[in-house]
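Notes for the one structure printed next.
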Amino acid sequence: MRLTEVEAYQGQGEDPGSHAHRGRTARNAVMFGEPGHLYTYFTYGMHTCANVVCLPPGSAGGVLLRGAEVLDGLELARSRRTTSRGDADLARGPARLALALGITLDDGGADLLAGDAFTLDLADEPVGTVRTGPRTGVSGPGGDAAAYPWRFWLEGDPTVSSYRSAVARRRVAKA
DNA sequence: CGGACGATCCCCT
DNA sequence: GGGGATCGTCCGC
């Protein structure tokens, strides 16, 4: 598939939105390791998301895969994304993208440049107009998500997810 | 088309 | 003990 939307996360104490913000833990250890490897995390009790480690060992950094257009294996992707209402929705959103690829937590740490879970191909030239903006569902310092405009997407691509700002989750009173 | 809300579990403190 | 880099459904326009 063809990536259309990503977000960058740095950590190292300066990026509150990053899972590596508070230092190395068992969960985010992969982000402190070799670049080009897959960092997966589980969130909201049901979703898995995929990142590509992007900084040298010792420096935590990664890119969250947020959107993509499925080019090959359409039948397989559709079978895994039964709730999708159209091919543009197959990998529109980080959890959908991971599901369409068949990524699970067990794939964390896979060497993508070696094709362990899937192969990451980097384009040699620009593939379109790239736009940038605040990251989705993340609040920066002082609640200002725009402090780190590290969301990148292809302008006008139908497989780019719609922006959602960070919302305070409402607690459910236990009866 | 877009806003509101519940679901559900792994991981850190 | 509680938060969370989301999604799907419901509902109104």
Side-chain angles (χ1 to χ4, degrees), chain A residues 3-33 35 37-55 59-68 70 77-109 112 117 131-153 156-175:
Chain A
L3 290 172
T4 58
E5 180 191 4
V6 297
E7 274 177 12
Y9 288 85
Q10 187 159 24
Q12 298 296 97
E14 297 191 2
D15 181 3
S18 173
H19 288 168
H21 172 225
R22 298 182 192 183
R24 181 175 184 148
T25 68
R27 177 176 66 155
N28 63 30
V30 173
M31 266 207 288
F32 288 82
H37 284 226
L38 180 66
Y39 165 58
T40 53
Y41 68 91
F42 192 81
T43 191
Y44 292 102
M46 56 185 94
H47 300 301
T48 302
C49 297
N51 296 246
V52 178
V53 179
C54 287
L55 292 181
S59 299
V63 167
L64 170 67
L65 277 30
R66 290 197 53 90
V70 177
R78 288 174 187 142
S79 70
R80 292 200 271 231
R81 291 270 300 110
T82 56
T83 58
S84 177
R85 284 297 181 183
D87 288 347
D89 272 344
L90 288 174
R92 185 175 184 263
R96 293 165 169 176
L97 188 154
L99 184 55
L101 271 179
I103 296 294
T104 68
L105 283 184
D106 291 336
D107 292 312
L112 300 178
R131 302 206 54 188
T132 66
R135 293 178 296 184
T136 301
V138 181
S139 51
D144 182 13
Y148 297 100
W150 292 345
R151 177 171 176 248
F152 306 88
W153 70 94
D157 196 291
T159 62
V160 173
S161 64
S162 55
Y163 178 75
R164 290 147 101 141
S165 60
V167 288
R169 239 151 300 285
R170 145 175 331 193
R171 299 227 48 75
V172 179
K174 186 95 176 354

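A quick note: this is a predicted structure, and the numbers were derived from the prediction, not measured. Chain A is the first sequence line, chain B the second, and so forth, proteins listed ahead of strands; every chain is numbered from 1.
At whole-Å resolution of the value, OH in A/Y163 and C1' in C/dA5 are 12 Å apart. Taking atom CG of residue A/L38 and atom P of nucleotide C/dA5, one finds them 17 Å apart after rounding to whole Å. For the pair A/Y41 OH and B/dT8 C1', the computed distance is 16 Å after rounding to whole Å. Atom P of nucleotide C/dA5 and atom NE2 of A/H21 are separated by 12 Å, given to the nearest angstrom. Remark: P of B/dC1 and CG of A/D89 are 11 Å apart, rounded to the nearest angstrom. Between A/F42 atom CZ and C/dC7 atom C1' the separation is 12 Å, expressed in whole Å. Distance A/M46 CE to C/dG8 P: 10 Å, rounded to the nearest Å. The nearest whole Å value for the distance from the CZ atom in A/R151 to the C1' atom in C/dT6 is 14 Å.
Counting only heavy atoms from C-beta on, A/M31 has its side chain closest to C/dA5 among C/dA5, C/dC7, C/dG8. Of all nucleotides listed (C/dA5, C/dG4, C/dG8), C/dG4 comes nearest to the side chain of A/Y44.
For the contact set between residues 92-101 of chain A and DNA chain C, defined by any heavy atom under 4.0 Å, the members are A/G93, A/P94, A/A95, A/R96.
With sequence neighbours left out, the side-chain contact (heavy atoms from CB on, under 4.5 Å) criterion links A/A98 to A/I103. Checked against side-chain hydrogen bond (donor to acceptor under 3.5 Å, both in side chains), A/D157 has the following partners two or more places apart in sequence or in another chain: A/R2, A/T159. For A/Y9, the side-chain hydrogen bond (donor to acceptor under 3.5 Å, both in side chains) partners two or more places apart in sequence, or in a different chain, are A/E7. Partners of A/D107 by salt bridge (charged side-chain N to carboxylate O under 4.0 Å, His left out), not counting sequence neighbours: none found. Shown here are the side-chain hydrogen bond (donor to acceptor under 3.5 Å, both in side chains) partners of A/S79, two or more places apart in sequence or in another chain: there are none. Applying the side-chain contact (heavy atoms from CB on, under 4.5 Å) test to A/L112 and every residue at least two apart in sequence or in another chain returns A/L38, A/V52, A/A117, A/F118, A/L120. Looking at residues two or more places apart in sequence or on another chain, you find a ring-ring contact (aromatic ring centres under 6.0 Å, His included) between A/H19 and A/Y41. For the salt bridge (charged side-chain N to carboxylate O under 4.0 Å, His left out) test, residues two or more places apart in sequence or in another chain that qualify with A/R78 are A/E75, A/D87. Under the side-chain hydrogen bond (donor to acceptor under 3.5 Å, both in side chains) criterion, A/S161 pairs with A/E5, A/R66, sequence neighbours left out.
Distances shorter than 4.0 Å separate some side-chain N or O of A/H19 from OP1 or OP2 on C/dA5. An OP1 or OP2 oxygen of C/dG8 is reached within less than 4.0 angstrom by a side-chain nitrogen or oxygen of A/T83.
In this structure, the separation between OG1 on A/T25 and CZ on A/F32 is 7.5 Å, given to the nearest 0.5 Å.
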Tabulate atom names and distances for all N/O pairs under 3.5 angstrom spanning the protein and nucleotides 11-13 of chain B.
{"residue": "B/dC12", "atom": "OP1", "partner": "A/T25", "partner atom": "OG1", "Å": "2.5"}
{"residue": "B/dC12", "atom": "OP1", "partner": "A/A26", "partner atom": "N", "Å": "3.2"}
{"residue": "B/dC12", "atom": "OP1", "partner": "A/R27", "partner atom": "N", "Å": "2.8"}

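Scanning both residues, A/S84 and A/D89, for their nearest heavy atoms gives OG-CB, 3.3 Å.
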| note | With both pairing distances under 3.5 angstrom for Watson-Crick or G-U wobble, and | for a partner in another strand, the correct string for DNA chain B is |||||||.||||.
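Considering only heavy atoms from C-beta on, A/L3 comes within 4.5 Å of A/L97 through its side chain.
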